[in-house]
Number of protein chains: 2
Amino acid sequence: MSIQKPSIPKGTRDFGPAVVARRNYIFGIIRRTFEKFGYAPLETPTLENLSVLTGKYGDEGDQLLFKVLNSGDFLKDVTADDLQNDDGRATRRVLPKLAEKGLRYDLTVPFARYVVMNRGTLVFPFKRYQIQPVWRADRPQRGRYREFYQCDADVVGTDSLLCEAEIVLMMCEVLDTLNKEAKSEDQKLKYTIKINHRDALRGIFFAAAENRSKESDFFVVLDKLDKIGTEGVKQELKERGFSNNGFQWLTYLLRTDDGNRKMTSEERMIYVNAMFKEIMSDPNAEPVGSKGIKQLQEVFNILRGFDFKQFQNLEFDPTLARGLSYYTGCIFEIKINNVNMGSVSGGGRYDNLTGAFGLPGVSGVGFSFGVDRLYDCLEELNLFPEGAAATTRCLIANFDAAAMTAMLPVLRDLRAAGIASELYPEPAKLAKQFKYADGKGIAYVLLQGPEELALNTFKLKDLRTGQEQTLTLPEVVATLG
Amino acid sequence: MSIQKPSIPKGTRDFGPAVVARRNYIFGIIRRTFEKFGYAPLETPTLENLSVLTGKYGDEGDQLLFKVLNSGDFLKDVTADDLQNDDGRATRRVLPKLAEKGLRYDLTVPFARYVVMNRGTLVFPFKRYQIQPVWRADRPQRGRYREFYQCDADVVGTDSLLCEAEIVLMMCEVLDTLNKEAKSEDQKLKYTIKINHRDALRGIFFAAAENRSKESDFFVVLDKLDKIGTEGVKQELKERGFSNNGFQWLTYLLRTDDGNRKMTSEERMIYVNAMFKEIMSDPNAEPVGSKGIKQLQEVFNILRGFDFKQFQNLEFDPTLARGLSYYTGCIFEIKINNVNMGSVSGGGRYDNLTGAFGLPGVSGVGFSFGVDRLYDCLEELNLFPEGAAATTRCLIANFDAAAMTAMLPVLRDLRAAGIASELYPEPAKLAKQFKYADGKGIAYVLLQGPEELALNTFKLKDLRTGQEQTLTLPEVVATLG
């Protein structure tokens, strides 16, 4: 065996004990929230057939799929001719011969595949959550990894807007639960849940753009509103070849205040809807945007039925677009206002999840948390609970072989009481054992020197405060338990 | 997009909600046990560099590694010449040009890589557990998958036999905790933890085989002892070219009774050790097997210090070999006696975990649970707890839009009490809603018809017993909580 300096592939990460514990803390809160709302766990394989994955994420997505080499003689169907023809399509020609499988790219396509494969036995509406890693052969950079987790919850088989309202509730519950650890207001995640409806968005597009073939161009520009303002949006639309015939409507539609103060989300819905009706030349026609506004108002009504208290965190934003084109109804996004970070969660309703697999008409709504970003937010705000990083609570010091034997029943009793404990595995200098406890984030060290042994007591040292107590074993258990 | 009938790669599995919940039940018990014993979680990437993986699992292992195609123009270094030369080595020649990364094959090599990469910051002894999937391009068959989980716990940086004793304790704790769900003795996992030491095994080899170059051949035959008996072993050794000069010792060494009754494990250690000494021509020399026996006896002593009660489950078996050649000290294996299944757990001590990565002298000991096999055992014994399969505890029936609105605060209150609940998302026939609850394994349905509404009460139906109660909301919460 040759000796080598080992490394890990770029864009991947090892998670050491402290980080795993903190990640699991976040996963646990998300999982418990999903389950409390009736979502059940699903896990799909890491390996999917490329026939399932290809063509679902656009051309760029196909490029970013990790493909797995066929096992055995993977070259058996590849010919020299396949390579020689340098028309730039060699990889495309050879790929199907080399690789049949790829790595999961998101959790939505595997979910759709699962629904189609199991449609005979599933009970609809089917509410599932899925917390698993995905892989993308993207260029790694700060905050962008080639292997990262997604946490998705989706319900398919119902159009009920109760689902949309509950997504808002789940988003709040996860963030509010994380905020419970805050020791001051400054430590809290200050969040805004932005909500919109694709039809409201289309209403703006229809009002402002005469050229209806350039929808995605329009939304790309609109997405910059925060950065360049309404006038900047108009200017850039013009540069991209939109005529300014409808531009005056944009000024009205993008208003966020009533002249005196910021409109509430529900005031803005009423206002935007009034604008949509104004824009229509035919006063009897239902503007496209109004359907969206009506559904959004219904979501707000359902939330009021839940006695929802956090409307100040929920913002109707008629310009919210969300990149993915398969959304057809309500769309969501969470922005953390006191940390400089992209959205930590997003989602929306889609009409046709499973069409590509031959099962049309399955509509649903779902959302996803970005755990890496949430982790970074919590770290920046110092919002992780103190205990989240450690596992062992108590280290028993090991003086010599005889003392070690005497401490075995003590160790057993601590563990029997559910206290994660360990005995330093060999006699060693105390300084070394304390260093071990410290390095591992262990809160307590338990010692029994000759004095304590004679009295059948123990010294319990709290490493965070430095305080020492002399206690009996039941008192130790009570203190640590 | 072309329409296709989707499928998953052979050897992989989807885990639906009921199965995930049951698997998580097992993972949870293993995880809590590891943590109680001071093991901290580690997670390594799915993708590893092939330079890290190759050469670590033998030639067969290298074949079974899943390799991931380089992204971008993966053909750029492949020439037509690479293919044309049909000397049977084309794949070996082309592979390094096509693929730099592979999928994790086990958890031990990534652990060793992690230890080497982080040796400057880790505090030793380093105790880590790791519960993650691994991938092998093996021929799929019943019980053998291409993607499956391993649950490993290892401690490196200490020779203390306390670690070996604690492995026995952890094995018992996991199985005893699973057994707590048993409603009768028949449902319990009847298990035997087999323990041996590589030196005791080598003692047998040295006693019985004159040709010391054929160690692995010898162990392959010895491994069949249960099936073919002592005489069968001798016969097959002969067929494989071993001389029968040492064979008479085998008869003694493989004895499990003292003529009247089965020896206890500790009696057998004394007996085997006496045999080893007998075999040695020089009465002053320490036989190779004795060092192993001495360590095993020390492990038993430490267990006695823990007041270990289950020596009847712990069997010294001097013929236990464990396939993996890197073990150098104690070795372990768990056999479930009342289910027809291979070992559900195994492990051992190794001298040189990280040598291949340039860090010699790191010794450690570890073990692993096979969750798929444990799952099958629990299923066969019907030992899963009833609640393990369901997530939602209560479904609120949905009669019509008005009633739906009235039930929103009820739903909120149930969830606020920590009860996983859902409201059927749209008005529907009761039969359909009950079918939904049934299909999802939901225990209770909560209804409020006009009568109950008038009295501000609810009907709570237990779907398992069919019983209905009329209750106030606080009573409902108390019943479900």
Side-chain angles (χ1 to χ4, degrees), chain A residues 1 3-4 6 8-9 12 14-15 17 20 35-36 38 40-41 43-47 49 51-52 55 66-69 71 73 75 80 83-84 90-91 99 101 113-114 116-117 123 125 137 147 158 160 162-163 305-307 356-358 391-392 405 408-409 412 415 420 422 425-426 436 439, chain B residues 1 3-4 6 8-9 12 14-15 17 20 35-36 38 40-41 43-47 49 52 55 66-69 71 73 75 80 83-84 90-91 99 101 113-114 116-117 123 125 137 147 158 160 162-163 305-307 356-358 391-392 405 408-409 412 415 420 422 425-426 436 439-440:
Chain A
M1 250 182 284
I3 285 175
Q4 46 183 250
I8 52 176
T12 70
D14 285 320
F15 298 118
V20 172
E35 290 183 355
K36 203 196 273 188
E43 289 179 16
T44 63
T46 295
L47 297 170
N49 289 320
S51 57
V52 163
F66 276 112
K67 289 106 184 168
V68 173
L69 212 51
S71 36
D73 181 6
L75 290 175
L83 301 181
Q84 268 162 338
T91 58
K101 292 179 287 291
R113 175 196 52 69
Y114 177 82
V116 171
M117 283 177 69
V123 192
E147 173 172 2
T158 175
S160 170
L162 175 64
C163 306
F306 273 111
D307 198 17
F357 299 120
T391 51
T392 300
T405 305
L408 295 177
R412 181 206 54 193
R415 288 180 182 151
E422 47 187 303
E426 49 210 45
Y436 173 81
Chain B
M1 252 184 283
I3 286 175
Q4 46 185 248
I8 53 176
T12 71
D14 285 319
F15 297 118
V20 172
E35 290 184 352
K36 204 195 272 186
E43 289 179 16
T44 63
T46 296
L47 296 170
N49 289 319
V52 163
F66 276 113
K67 289 106 184 166
V68 174
L69 212 51
S71 35
D73 181 6
L75 290 175
L83 301 180
Q84 267 162 339
T91 56
K101 292 179 288 292
R113 175 195 54 67
Y114 178 83
V116 172
M117 284 178 67
V123 192
E147 173 173 2
T158 174
S160 170
L162 175 63
C163 307
F306 274 111
D307 199 19
F357 299 120
T391 51
T392 300
T405 304
L408 294 178
R412 182 205 53 190
R415 286 178 182 154
E422 49 186 303
E426 50 210 44
Y436 173 81
K440 207 168 165 176

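The figures that follow rest on heavy atoms only: side chains count, while hydrogens, waters and symmetry mates do not.
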Nearest heavy-atom neighbours spanning A:E147 and B:L47: OE1-N, 3.8 Å

Spatial distance of atom SG (A:C163) from atom CD (B:E422) [nearest 0.5 Å]: 9.5 Å

Close side-chain approach of B:E43 to A:V20, heavy-atom, < 4.5 Å: yes

Under 4.5 Å from a heavy atom of chain A, the part of B:T158 involved: both

Contact origin within B:K67 toward chain A - heavy atom pairs under 4.5 Å: both

Least distance between heavy atoms, A:F357 atom then B:P6 atom: CD2-CB, 3.8 Å

Closest contact, heavy atoms only, A:P17 versus B:Y114: CD-OH, 4.1 Å

Closest non-hydrogen atom pair, A:D14 against B:P45: OD1-CD, 3.1 Å

All salt bridge (Lys or Arg N to Asp or Glu O under 4.0 Å) counterparts of B:D73, not counting sequence neighbours: none

Least distance between heavy atoms, B:P425 atom then A:L162 atom: CA-CD2, 3.8 Å

Gap separating the CG atom of A:L69 from the OG1 atom of B:T91, nearest 0.5 angstrom: 9.5 Å

Top contributor to chain B contacts, counting heavy-atom pairs under 4.5 Å, from A:P9, A:S71, A:P125, A:A99: A:P9

Minimum heavy-atom distance A:G305-B:L408, with the two atoms named: O-CB, 3.5 Å

Listed partners of B:F15 passing ring-ring contact (aromatic ring centres under 6.0 Å, His included), at least two apart: none

Sidechain-backbone polar pair: B:E35 side chain, A:A420 backbone, donor-acceptor under 3.5 Å: no

When A:T12, A:L75, A:T44, A:N49 are compared by non-hydrogen pairs under 4.5 Å with chain B, the top option: A:N49

Side chain to side chain contact (heavy atoms under 4.5 Å, CB included) between B:R412 and A:D307, intermediate numbers included: CA-CA 8 Å; B:R412 182 205 53 190; A:D307 198 17; 2.8 Å; yes

Straight-line distance of A:I8 CD1 to B:K101 NZ, nearest 0.5 Å: 12.5 Å

Separation between NZ of B:K36 and OG1 of A:T392, rounded to the nearest 0.5 Å: 12.5 Å

Pairs of heavy atoms under 4.5 Å with chain B: top-ranked of A:T46, A:T405, A:V68: A:T46

